[in-house]
Novice: 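One structure coming up, written as C-alpha cells, with questions to follow.
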Amino acid sequence: IKVFFKKLEFDSENLVSRFWPMGKQLSILIDPNRRFGHPVIDDSNIYPEAIYTHYTAGDPVSYIAAVYDLSEKQVLDAIKYCEAA
C-alpha cells in the first residue's frame, strides 16, 4: 500500500487529485482535470498512444520528440507506459 500511495498526489482536502500509474519518476499522469482523466504526458496534453503509434510505425525517438516538442525521456516514458498497458 505504501508503494501505491507514493504514486498519488493529494489536494488541500486530502482527496486524490493526480495519479502517476508507473510512478512519479515517469512522466505519464492521470489527472481528472485534464483530458477527462485519460493518461497524458505531464507538461502536455498528449496521449501516450499517439507517441506509441509513431514509435511502432518506425519513427525514431529523436524525431518523435522534435515533432511533439517533448524530451526524449518523455517519449520513452510514453512508449514504456503503452508497452506495459
Side-chain angles (χ1 to χ4, degrees):
I1 292 176
K2 289 181 182 180
V3 173
F4 177 74
F5 278 101
K6 289 181 181 180
K7 297 178 182 182
L8 303 174
E9 182 177 296
F10 296 88
D11 64 14
S12 61
E13 297 176 8
N14 291 326
L15 297 174
V16 175
S17 60
R18 299 166 116 196
F19 171 56
W20 283 265
M22 302 202 49
K24 291 183 180 179
Q25 69 277 8
L26 297 182
S27 58
I28 306 303
L29 167 70
I30 297 174
D31 182 344
N33 295 317
R34 293 170 59 188
R35 299 282 183 161
F36 302 103
H38 195 281
V40 294
I41 298 172
D42 198 12
D43 298 330
S44 74
N45 280 327
I46 300 169
Y47 295 126
E49 295 86 357
I51 302 302
Y52 191 67
T53 301
H54 280 278
Y55 177 74
T56 57
D59 292 336
V61 171
S62 58
Y63 169 78
I64 300 168
V67 167
Y68 284 94
D69 194 26
L70 298 170
S71 70
E72 289 189 17
K73 181 191 179 309
Q74 288 173 310
V75 172
L76 293 171
D77 289 351
I79 293 167
K80 185 174 183 177
Y81 172 78
C82 288
E83 288 179 342

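Heavy-atom basis, side chains included; hydrogens, waters and symmetry copies ignored. All residue numbers refer to positions in the sequence shown, counting from 1.
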Novice: For Lys7, does the NZ atom have more than 12 heavy-atom neighbours from other residues, nucleotides or ligands under 6.0 Å away?
Specialist: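 Yes - once you tally the heavy atoms of other residues, nucleotides and ligands closer than 6.0 Å, there are more than 12.
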Novice: If you define the side chain from C-beta out and look only at heavy atoms, does anything of Asp77 sit under 4.5 Å from Asp42?
Specialist: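 With C-beta onward as the side chain, the pair stays apart.
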Novice: So, taking the atom named CG in Leu26 and the one named CD1 in Ile41, what distance separates them when rounded to the nearest 0.5 Å?
Specialist: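 The CG atom of Leu26 sits 11.5 Å away from the CD1 atom of Ile41.
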Novice: Report whether Ile79 and Val40 are members of the same hydrophobic cluster (ILVMFWY, side-chain heavy atoms less than 4.5 Å apart, transitive linking).
Specialist: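 No; Val40 is not reachable from Ile79 via cluster members.
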Novice: Below 4.5 Å, heavy atoms only, C-beta onward: do Gln25 and Trp20 meet side chain to side chain?
Specialist: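 Result no, sub-4.5 Å side-chain heavy-atom pair not found.
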Novice: Which atom names give the shortest non-hydrogen contact between Lys73 and Ser27, and what distance separates them?
Specialist: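 Closest heavy-atom pair between Lys73 and Ser27: NZ-N, 4.4 Å.
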Novice: Which heavy atom of Lys6 sits nearest to which heavy atom of Lys24, and what is that distance?
Specialist: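 Closest approach of Lys6 to Lys24: O-CE, 3.3 Å.
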Novice: Do you know which two heavy atoms are closest between Pro39 and Ile28, and how far apart they sit?
Specialist: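 Heavy atoms of Pro39 and Ile28 come nearest at CB-CG2, 4.1 Å.
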Novice: Would you say OH of Tyr63 has more than 12 non-hydrogen atoms from neighbouring residues, nucleotides or ligands within 6.0 angstrom?
Specialist: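 At most 12 heavy atoms, drawn from other residues, nucleotides or ligands, come within 6.0 Å of this atom.
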Novice: Test ring-ring contact (aromatic ring centres under 6.0 Å, His included) on Phe19 and Phe4 and set out the steps.
Specialist: CA-CA 10 Å; Phe19 171 56; Phe4 177 74; 5.8 Å; yes
Novice: Could you give the distance from CG (Leu70) to CD1 (Ile64), rounded to the nearest 0.5 Å?
Specialist: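 Nearest 0.5 Å value for the CG-CD1 distance: 9.5 Å.
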Novice: Could you report the tightest heavy-atom contact between Ser62 and Glu72, atom names first, then the distance?
Specialist: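 Closest pair (atom of Ser62, atom of Glu72, distance): CB-OE2, 3.4 Å.
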Novice: Can you give each donor-acceptor pair under 3.5 Å made by side-chain atoms of residues 29-36, sequence neighbours left out, with the distance rounded to 0.1 Å?
Specialist:
from, atom 1, to, atom 2, distance (Å)
Asp31, OD1, Asn33, N, 2.9
Asp31, OD2, Arg18, NE, 3.4
Arg34, NE, Asn45, OD1, 3.1
Arg34, NH2, Ser44, O, 2.2
Arg35, NE, Asn45, O, 3.2
Arg35, NH2, Asn45, O, 3.2

Novice: Does Asp11, at its CG atom, have more than 12 non-hydrogen atoms belonging to other residues, nucleotides or ligands within less than 6.0 Å?
Specialist: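 It does: Asp11 CG has more than 12 such atoms within range.
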Novice: So for atom OH, which belongs to Tyr55, do other residues, nucleotides or ligands contribute more than 12 heavy atoms lying within a distance under 6.0 Å?
Specialist: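 No, not enclosed.
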Novice: Any side-chain heavy-atom pair from Tyr68 and Gln74 closer than 4.5 angstrom?
Specialist: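 Side-chain contact under 4.5 Å: no.
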Novice: Which atom pair, heavy atoms only, marks the closest approach of Thr53 to Thr56?
Specialist: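 Thr53 and Thr56 have their closest heavy atoms at O-OG1, 3.1 Å.
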Novice: Shortest non-hydrogen contact from Met22 to Tyr81?
Specialist: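 Looking at all heavy atoms of both residues, the closest pair is SD-CA, 3.5 Å.
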Novice: Atom CG of Leu15 and atom CG of Leu8: how far apart are they, to the nearest 0.5 Å?
Specialist: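 CG of Leu8 is found 11.5 Å from CG of Leu15.
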Novice: Any side-chain heavy atom of Val67 sitting closer than 4.5 Å to one from Asp59?
Specialist: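 No, too far: nothing below the 4.5 Å cut-off.
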